[in-house]
Amino acid sequence: MKLFNTMTMKKEDFVPIQDGKVSMYACGPTVYNLIHVGNARPIIMFDVLRRYFEYRGFEVTFVQNFTDVDDKIINRANEEGISSQEVAEKYIAEYFTDCSGLGVRAATIHPKATENMSEIIKIVEKLIEKGYAYATGGDVYYRTSKFGNYGCLSHQPLDELQAGARIDVADVKENPVDFALWKAAKPGEPAWDSPWGKGRPGWHIECSAMSNRYLGETIDIHCGGQDLIFPHHENEIAQSEAANGCRFVNYWLHNGFISVDNKKMSKSLNNFFTVRDAAGEYGYDAIRMFMLMSHYRSPLNYSGEILIQAKNALERLSTAKANLAFFAQNGSDGAMTAKEAAFVASLSGFRERFCLEMDDDLNTADAVAVIFEMVREINSAVSPAENPTKALALACDEVFSELAEVIGLPLAETVEDASAEIGELIAKRQEARRAKDFALADKIRDELAAQGISLEDTPQGVKWKRS
RNA sequence: GGCGCCAUAGCCAAGUGGUAAGGCAGUGGACUGCAAAUCCGCGAUUCCCCAGUUCAAAUCUGGGUGGCGCCUCCA
């Protein structure tokens, strides 16, 4: 499997540290708000990566943290007159609600910054001991000039960063690029005891601490959005590698941005759409499909129109799935015909192509295309005209479901039994059709449509579904 | 100023040297009482522009144009 590594700017063959195992760390949300569609991209795409590794037989340990102490959380808490912890708990719950809707599985471990204070303090102490950090007035800063590789991930030399860095008035830092590891407590803020007095961790140290604690000194994959490359991931490298004296991460993966009218979707530009709102209008499934239909590193422009396109595309796949479920129940009995068996055998070609695409830096756009091509053939083979066996429908569904599950394709659930009331209306309409009373038949169809139930007349009888 | 990304049909989007996947929308046909769904067919002589390398370029090189991102919290 090849993955594009931001560190080397190349697609590289993935070689795990331990055979058959993958350790992954993703920077999770700062929990002070509902997530927006841009935030959803890494959440969805790295969920796909994790699923694909598992599909290929790897045992994956996936850690995603919650940043539950931060300026923004504190501000929010002050606005609402509740504690930071209450804000964090509320938005962690909201986060899981959205993830669940998006078909994103919970990580193996979801650690919180506030539950890792002793780990954080330990690393800061180690950095001070080794000369990579200095304490001043209750704050602790990282000494970037001491870390020779600073800038390696963002491919920016330290002097260029210095030229561009903001310099605060009366800054206590040795170098404008130095960043806070520990911040002295201000009145009214949540604070923890430390060797430097009461305070709280800086913005970057928690990820180094939690990655180290739950996954070890060197991990296989660290992922996140491209905007985390600098400074967040750069700083994590500086912290972890200086503290441990070894490589921090083997593969750095970064997703492209979602934009709106070609401007990056972001909270600061206030041009964002929350996942909650977008899902309310188009459905969570449309959001996931929207992401799956392009490559994770490509820029992607968000619009209502494109979510509708994604929703319609998904509908085609759901219809196919429902068709298979129908024939699994209503197909003919007995073993598959020779022709059917040959068709089922041919489906393995789609599975192979799907894997080739996924192996190529997680090309979900092509993987989805492979599924569409497979579905077209399945629709031909498992159609009323072919009088398919139940066995064929089941065999096709097995392959289809297998591939759909790998990328978490959100397919609508299958046939449910019609309620007595609906069944009666369908029967009444069939009677009218037999009597050539099409006006009545159409009237009943319209009535059902008004209830969100659409009918299809097939040689095998009437099929219905909720639209 | 430094670093980097993007430009493919009406819309979305793969493809990074061998002659343009897939989806949405549209449209013609089959099927249907009519629909819906499905299936079959149709749509880029061409991949922002110009020059170059090559037997061969959307793909490589150079130069332009347009758009975006990071360098400050940000997925």
Side-chain angles (χ1 to χ4, degrees), chain A residues 6 9 26-30 35-46 70-72 151 154-157 159-166 177 203 223-232 234 254-259 262-269 272 289-290 292-295 297-301 303 305-317 319-320 322-323 353 357 360 363-373 375-386 432-434 436-439 441-442 445-446 449 454-459 463-465 467:
Chain A
T6 306
M9 304 288 279
C27 295
T30 299
I35 60 167
H36 62 64
V37 174
N39 299 320
R41 192 175 199 187
I43 295 168
I44 291 169
M45 298 316 291
F46 297 124
D70 173 269
D71 290 339
K72 287 173 178 172
S154 49
H155 307 103
Q156 302 232 55
D159 50 350
E160 283 298 339
L161 289 169
Q162 282 169 334
R166 185 187 56 185
V177 186
W203 314 318
C223 44
Q226 282 170 355
D227 48 1
L228 294 184
I229 293 171
F230 190 91
H232 187 60
E234 198 74 70
H254 294 98
N255 63 278
F257 297 126
I258 304 283
S259 56
N262 284 319
K263 294 280 179 199
K264 180 184 169 190
M265 184 186 291
S266 70
K267 286 173 182 162
S268 45
L269 287 177
F272 63 90
M289 189 64 178
F290 163 62
L292 291 175
M293 287 173 71
S294 70
H295 186 92
R297 284 191 290 112
S298 299
L300 196 49
N301 200 52
S303 69
E305 185 190 357
I306 192 144
L307 277 209
I308 289 167
Q309 289 186 9
K311 190 181 167 76
N312 289 346
L314 194 57
E315 180 66 23
R316 177 172 159 77
L317 300 181
T319 301
N323 186 245
R353 282 178 56 204
E357 299 300 348
D360 183 16
N363 193 336
T364 56
D366 267 342
V368 168
V370 169
I371 289 177
F372 272 104
E373 287 180 47
V375 159
R376 186 169 58 221
E377 293 199 12
I378 288 178
N379 281 336
S380 286
V382 188
S383 79
E386 299 293 328
R433 289 179 70 211
R434 271 192 295 275
K436 308 266 188 220
D437 184 355
F438 296 120
D442 291 350
R445 183 166 63 191
D446 290 344
S454 59
L455 301 182
E456 294 174 28
D457 302 322
T458 77
K463 290 163 70 172
W464 71 280
K465 66 178 176 189
S467 43

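All chains are named by letter (A, B, ...) in the order of the sequence lines, taking the proteins before the strands, and each is independently numbered beginning at 1. Only a predicted model underlies this, so the values are computations on that prediction, with no experimental measurement involved.
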[atom1] gap between [N] and [M], integer Å:
N: B:C73; M: B:G67; atom1: P; value: 28 Å
N: B:U65; M: B:C49; atom1: C1'; value: 7 Å
N: B:C39; M: B:C31; atom1: C1'; value: 9 Å
N: B:A44; M: B:A9; atom1: C1'; value: 5 Å
N: B:C50; M: B:A57; atom1: C1'; value: 15 Å
N: B:A36; M: B:C68; atom1: C1'; value: 43 Å
N: B:C47; M: B:A58; atom1: C1'; value: 4 Å
N: B:G62; M: B:G22; atom1: P; value: 33 Å

Considering all heavy atoms, the nearest A:Pro42-A:Asn255 contact:
CB-OD1, 3.2 Å

Under 4.5 Å between any side-chain heavy atoms of A:His232 and A:Phe230, yes or no?
no

Taking the side chain as every heavy atom from C-beta outward, state whether A:Arg376 and A:Arg316 have any pair of such atoms under 4.5 Å apart.
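Of all side-chain heavy-atom pairs linking A:Arg316 with A:Arg376, at least one is under 4.5 Å.
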
To the nearest Å, give me how far apart [atom1] ([X]) and [atom2] ([N]) are.
X: A:Ile308; N: B:A25; atom1: CD1; atom2: P; value: 11 Å
X: A:Asn312; N: B:G10; atom1: CG; atom2: C1'; value: 16 Å
X: A:Ile258; N: B:C6; atom1: CD1; atom2: P; value: 16 Å
X: A:Met9; N: B:G4; atom1: CE; atom2: C1'; value: 6 Å
X: A:His254; N: B:G4; atom1: NE2; atom2: C1'; value: 13 Å
X: A:Asn379; N: B:G22; atom1: CG; atom2: P; value: 15 Å
X: A:Glu234; N: B:U72; atom1: CD; atom2: P; value: 12 Å
X: A:Leu292; N: B:G22; atom1: CG; atom2: P; value: 19 Å

If we call it a pair only when both distances are under 3.5 Å in a Watson-Crick or G-U wobble match, what pairs with [N]?
N: B:C70; value: B:G2
N: B:A75; value: none
N: B:A7; value: B:U65
N: B:C42; value: B:G26
N: B:C34; value: none
N: B:A58; value: none
N: B:U53; value: none

If you assign A:Gly224 and A:His155 each to the RNA chain B nucleotide with the nearest heavy atom, which residue ends up on the more 5' nucleotide?
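Nearer the 5' end of the strand: A:His155.
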
Find which nucleotide of RNA chain B each of A:Val375 and A:Gly38 is nearest to by heavy atoms, and output the residue with the more 5' nucleotide.
A:Val375

My understanding is that only residues two or more places apart in sequence, or in another chain, count here; which of them pass side-chain hydrogen bond (donor to acceptor under 3.5 Å, both in side chains) with [X]?
X: A:Thr458; result: none
X: A:Asp70; result: none
X: A:Asn363; result: A:Asp366
X: A:Thr30; result: none

[X]: which residues meet the side-chain contact (heavy atoms from CB on, under 4.5 Å) condition with it, sequence neighbours left out?
X: A:Ala310; answer: A:Met289, A:Phe290, A:Met293
X: A:Arg353; answer: A:Phe350, A:Val370, A:Glu373
X: A:Asp227; answer: A:Phe257, A:Lys264
X: A:Thr319; answer: A:Glu315, A:Lys465

Each nucleotide of nucleotides 12-18 of chain B classed B (base within 4.0 Å of a protein heavy atom), S (only sugar-phosphate) or -, in 5' to 3' order, makes SSSS---

B/S/- contact track for nucleotides 31-37 of chain B, protein heavy atom under 4.0 Å
--BBBBS

Would you state whether a donor and an acceptor, one from the side chain of A:Lys311 and one from the base of B:C24, lie under 3.5 Å apart?
no

Regarding [X], tell me which of base, sugar-phosphate or nothing describes its non-hydrogen contacts under 4.0 Å with the strands shown.
X: A:Glu305; result: sugar-phosphate
X: A:Asn255; result: base
X: A:Ala369; result: base

Side-chain (A:Thr364) to main-chain (A:His295) donor-acceptor, under 3.5 angstrom:
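Not confirmed, A:Thr364 side chain does not pair with A:His295 backbone.
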
Is the side chain of A:Glu234 donor-acceptor paired with the backbone N or O of A:Gly151 at a distance under 3.5 Å, no angle test?
yes

May I ask you to verify if any side-chain N or O of A:Asn39 is less than 4.0 angstrom from the OP1 or OP2 atom of B:A75?
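Looking at the OP1 and OP2 atoms of B:A75, one of them is under 4.0 Å from a side-chain N or O of A:Asn39.
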
With sequence neighbours excluded, residues passing salt bridge (charged side-chain N to carboxylate O under 4.0 Å, His left out) with A:Asp437
none

Would you tabulate the pairs of protein nitrogen or oxygen atoms and nucleotide nitrogen or oxygen atoms of nucleotides 66-69 of chain B closer than 3.5 angstrom?
| from | atom 1 | to | atom 2 | distance (Å) |
| --- | --- | --- | --- | --- |
| B:C68 | OP1 | A:Lys263 | NZ | 2.7 |

